[in-house]
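Down below is the structure, laid out as structure tokens.
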2 protein chains.
Amino acid sequence: MPKPYCYEYPHPAVATDLCVFSLDKEMRLVALFIRRKQPPFEDQWALPGGFIKVGAENLDQCARRELMEETGTEAAHLEQFGAYSDPGRDPREHVISVGYLALIRHSPAVAGTDAAEAKWFPIETTKKGDLLVNGRRAQLAFDHRKILTDALQRLRRRIDEAPIVFVVMPEQFTLAQLQSAFETIKGEELDKRNFRKWVIDKDWLKETGEFQRGRQRPAVLFTVGKKISKLYAQGQK
Amino acid sequence: MPKPYCYEYPHPAVATDLCVFSLDKEMRLVALFIRRKQPPFEDQWALPGGFIKVGAENLDQCARRELMEETGTEAAHLEQFGAYSDPGRDPREHVISVGYLALIRHSPAVAGTDAAEAKWFPIETTKKGDLLVNGRRAQLAFDHRKILTDALQRLRRRIDEAPIVFVVMPEQFTLAQLQSAFETIKGEELDKRNFRKWVIDKDWLKETGEFQRGRQRPAVLFTVGKKISKLYAQGQK
DNA sequence: GCAAAAGTGTTTCTAATACACCCATGA
DNA sequence: TCATGGGTGTATTAGAAACACTTTTGC
């Protein structure tokens with residue numbers, strides 16, 4: 001195998017690892033994993049991600065490119081949260097991975113070239129903070145359980161600070177749906193009245209004037225305010 | 001120049017850049033810079049830092065090692081805050097730098113091997129957030145102004161969240177001195193009574209029973225509580 | 001008329017802020 | 001005795017949290 005890229009000093013490989021979260025149809029918090037086609041950790045589930053194109057892109061661009069390759073998703077909340085760099089974390093060579101948190105609208109997973117399969121799995125945390133994937137303690141390749149745990153913690157902080165939840169909401173939604181999204185992401189129940197006060201006080205929402213009709217009392221439909229929807233344009237028609 | 005380290009795919013160089021803060025004798029907030037001995041940016045001031053020892057250390061260890069080399073300081077608050085990765089940020093090659101925030105006891109700066117000089121400079125920020133070094137708008141090599149600006153922002157957040165201020169305090173100190181340290185780091189004045197309430201409510205301090213005597217009323221001397229001093233052991237005898 | 005979800009206000013508590021005077025000492 | 005910095009308490013406000021009943025609709 002040729003090794004044409006040579007340096008005066010040793011260089012590590014650098015990759016981004018993506019912690020891609022979404023809410024599925026049943027409003028479960030899901031994360032995207034790929035099943036590895038190659039060693040190491042062949043056939044195990046791992047975070048999507050890939051190596052940076054040296055000299056051609058920065059880490060944000062790398063993460064965005066990988067996200068596109070794995071999900072076809074253009075716009076999303078994408079945020080760097082940490083670098084993982086233990087020399088032994090990848091048995092092949094010293095690989096430094098920069099973790100990215102992504103929150104995207106749910107979409108079919110697409111296996112990239114180096115993955116046998118890409119799939120969304122429901123995730124949750126136990127009371128003591130252990131990460132569960134599909135209800136069982138996460139078994140992931142590399143140090144990806146640690147990375148994902150950090151990402152989820154970051155997501156749960158961010159969800160209150162910035163209007164990122166709207167990337168997983170449909171164009172119109174009721175307050176009950178919005179509350180449910182928050183509850184799922186945060187993994188805790190929220191008080192209805194306090195939630196409504198809190199979210200309406202923020203300058204995020206706009207009433208559409210329309211109603212969602214079901215078998216009960218119709219619910220007011222909201223949409224995202226203009227300023228916010230510009231920031232988090234969702235490729236939603 | 002030989003290039004003995006070869007890879008199948010291109011690899012970037014990876015370094016840590018250290019934003020080392022301290023308080024000097026006059027209680028000014030200072031940051032440590034080195035004057036570069038080599039191109040690029042020869043003779044310009046830059047952040048200390050250096051390349052990771054591939055396969056032999058992780059980024060935290062790299063940062064800690066560099067800190068030791070530049071300051072002789074063993075223990076300090078040291079915290080990763082972000083990766084800087086634009087392909088053109090270093091003209092030589094694609095270098096990814098991971099920024100570390102360090103807060104250490106003031107100590108003489110020591111020029112490392114690749115620095116002509118190492119020096120502490122007083123830093124502050126304008127109201128609109130511009131970074132001033134020595135009272136003038138910062139002129140630093142690479143993208144180090146951006147990195148340092150991010151670091152300072154992080155420092156100002158952390159200082160309230162965790163008992164890191166004690167790495168710059170002497171073993172015994174008065175509340176007035178402690179308040180002054182907070183004010184300097186945060187770049188704003190604090191209310192004396194509110195500060196005392198706040199800091200005493202935290203479980204950080206212990207009265208020594210001793211007093212500092214000056215030309216005025218003696219001030220109660222405090223020291224750091226046991227739990228805290230373990231976490232932030234300072235190499236102070 | 002009843003089941004089901006939508007909607008709504010008030011009280012309580014806590015944390016942050018603003019603010020002004022007396023105290024103990026050295027000179 | 002006075003200049004100097006050390007030390008203290010209370011009232012106000014804002015935001016978070018707890019909490020229960022009425023409304024509107026489809027069936």
Side-chain angles (χ1 to χ4, degrees), chain A residues 23 25-27 127 156-163 165 169-224, chain B residues 23 25-28 156-163 165 169-224:
Chain A
L23 300 189
K25 285 91 193 166
E26 294 105 68
M27 287 293 280
K127 273 155 207 163
R156 286 176 170 168
R157 177 152 46 92
R158 267 292 175 278
I159 198 73
D160 285 337
E161 295 173 351
V165 70
M169 299 303 293
E171 186 161 14
Q172 300 197 339
F173 49 85
T174 66
L175 290 182
Q177 287 166 346
L178 186 61
Q179 177 174 349
S180 166
F182 271 92
E183 287 178 332
T184 302
I185 291 168
K186 299 176 69 158
E188 58 181 297
E189 301 211 325
L190 300 173
D191 178 84
K192 183 161 56 157
R193 281 164 295 186
N194 291 339
F195 174 78
R196 284 167 186 237
K197 246 180 301 176
W198 177 83
V199 79
I200 288 176
D201 271 2
K202 313 235 156 210
D203 209 32
W204 294 350
L205 299 178
K206 223 181 72 186
E207 281 197 41
T208 60
E210 298 181 56
F211 293 83
Q212 183 178 80
R213 315 185 70 81
R215 21 195 165 321
Q216 305 85 17
R217 172 173 177 178
V220 175
L221 281 165
F222 287 81
T223 188
V224 192
Chain B
L23 300 187
K25 285 91 192 164
E26 294 106 68
M27 288 293 280
R28 294 175 303 181
R156 286 177 169 167
R157 177 150 46 92
R158 266 293 174 276
I159 198 73
D160 286 337
E161 295 173 351
V165 70
M169 299 304 293
E171 186 161 13
Q172 300 197 339
F173 49 84
T174 66
L175 290 182
Q177 287 165 345
L178 187 60
Q179 177 174 348
S180 166
F182 270 93
E183 288 177 333
T184 302
I185 291 169
K186 299 176 69 158
E188 58 181 298
E189 302 211 324
L190 300 173
D191 178 84
K192 183 161 56 156
R193 282 164 295 188
N194 293 338
F195 174 77
R196 285 168 185 237
K197 244 180 303 175
W198 177 84
V199 80
I200 289 176
D201 271 2
K202 313 233 157 212
D203 208 33
W204 294 351
L205 299 178
K206 222 181 72 187
E207 281 196 41
T208 60
E210 298 182 55
F211 293 83
Q212 182 177 81
R213 314 185 71 82
R215 18 194 168 322
Q216 305 85 19
R217 170 173 178 178
V220 175
L221 282 165
F222 287 81
T223 189
V224 192

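To find a chain, count down the sequence lines: A is the first, B the second, and so on, and within it residues start at 1. Just so we're clear, the structure is a prediction, and the values are computed from it rather than from any experiment.
Nearest-nucleotide assignment on DNA chain D puts the 5′-proximal partner with B:K192, out of A:W198 and B:K192. Nearer the 5' end of DNA chain D, as judged by each residue's closest nucleotide, is the contact made by A:N194, out of A:R217 and A:N194. With the nearest nucleotide of DNA chain C identified for both B:R213 and A:V220, A:V220 has the one nearer the 5' end.
A donor-acceptor contact under 3.5 Å is not formed by the side chain of A:R193 with the base of C:dA6. Within 3.5 Å, no donor on the side chain of A:K197 pairs with an acceptor on the base of C:dT8, nor the reverse.
As a whole-Å value, the separation of B:D201 CG from C:dT14 P is 12 Å. The nearest whole Å value for the distance from the CD atom in B:E189 to the P atom in C:dA18 is 13 Å. When the P atom of D:dA16 is taken as reference, atom NZ of A:K186 falls 10 Å away, rounded to whole Å. Atom pair A:L178:CG and C:dG7:C1' shows a separation of 15 Å (rounding to whole Å applied). Atom P of nucleotide D:dA16 and atom NZ of A:K202 are separated by 8 Å, given to the nearest angstrom. Across the protein-nucleic acid pair, A:R196 atom CZ and C:dT10 atom P stand 17 Å apart, rounded to whole Å. The separation between A:Q212 atom CD and D:dT25 atom C1' is 13 Å, rounded to whole Å. Whole-Å rounding puts the B:R215 CZ to D:dT4 P distance at 11 Å.
Here NZ of B:K197 is found 7.5 Å from CG of B:D191. Values are rounded to the nearest 0.5 Å. Distance check, rounded to the nearest 0.5 Å: CD of B:Q179 to OG1 of B:T184 gives 10.0 Å.
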Fill in: side-chain contact (heavy atoms from CB on, under 4.5 Å) evaluation trace for A:F211 with A:V220
CA-CA 5 Å; A:F211 293 83; A:V220 175; 3.7 Å; yes
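If you check C:dG7, D:dT24, C:dC19 against the side chain of A:P218, the one that comes closest is D:dT24.
Under a 3.5 Å cut-off, the side chain of B:T208 and the backbone N or O of B:L221 do form a donor-acceptor pair.
Using bins of under 30°, 30° to 60° and over 60° for the plane-to-plane angle, the ring pair B:F182/B:W204 lands in the parallel bin.
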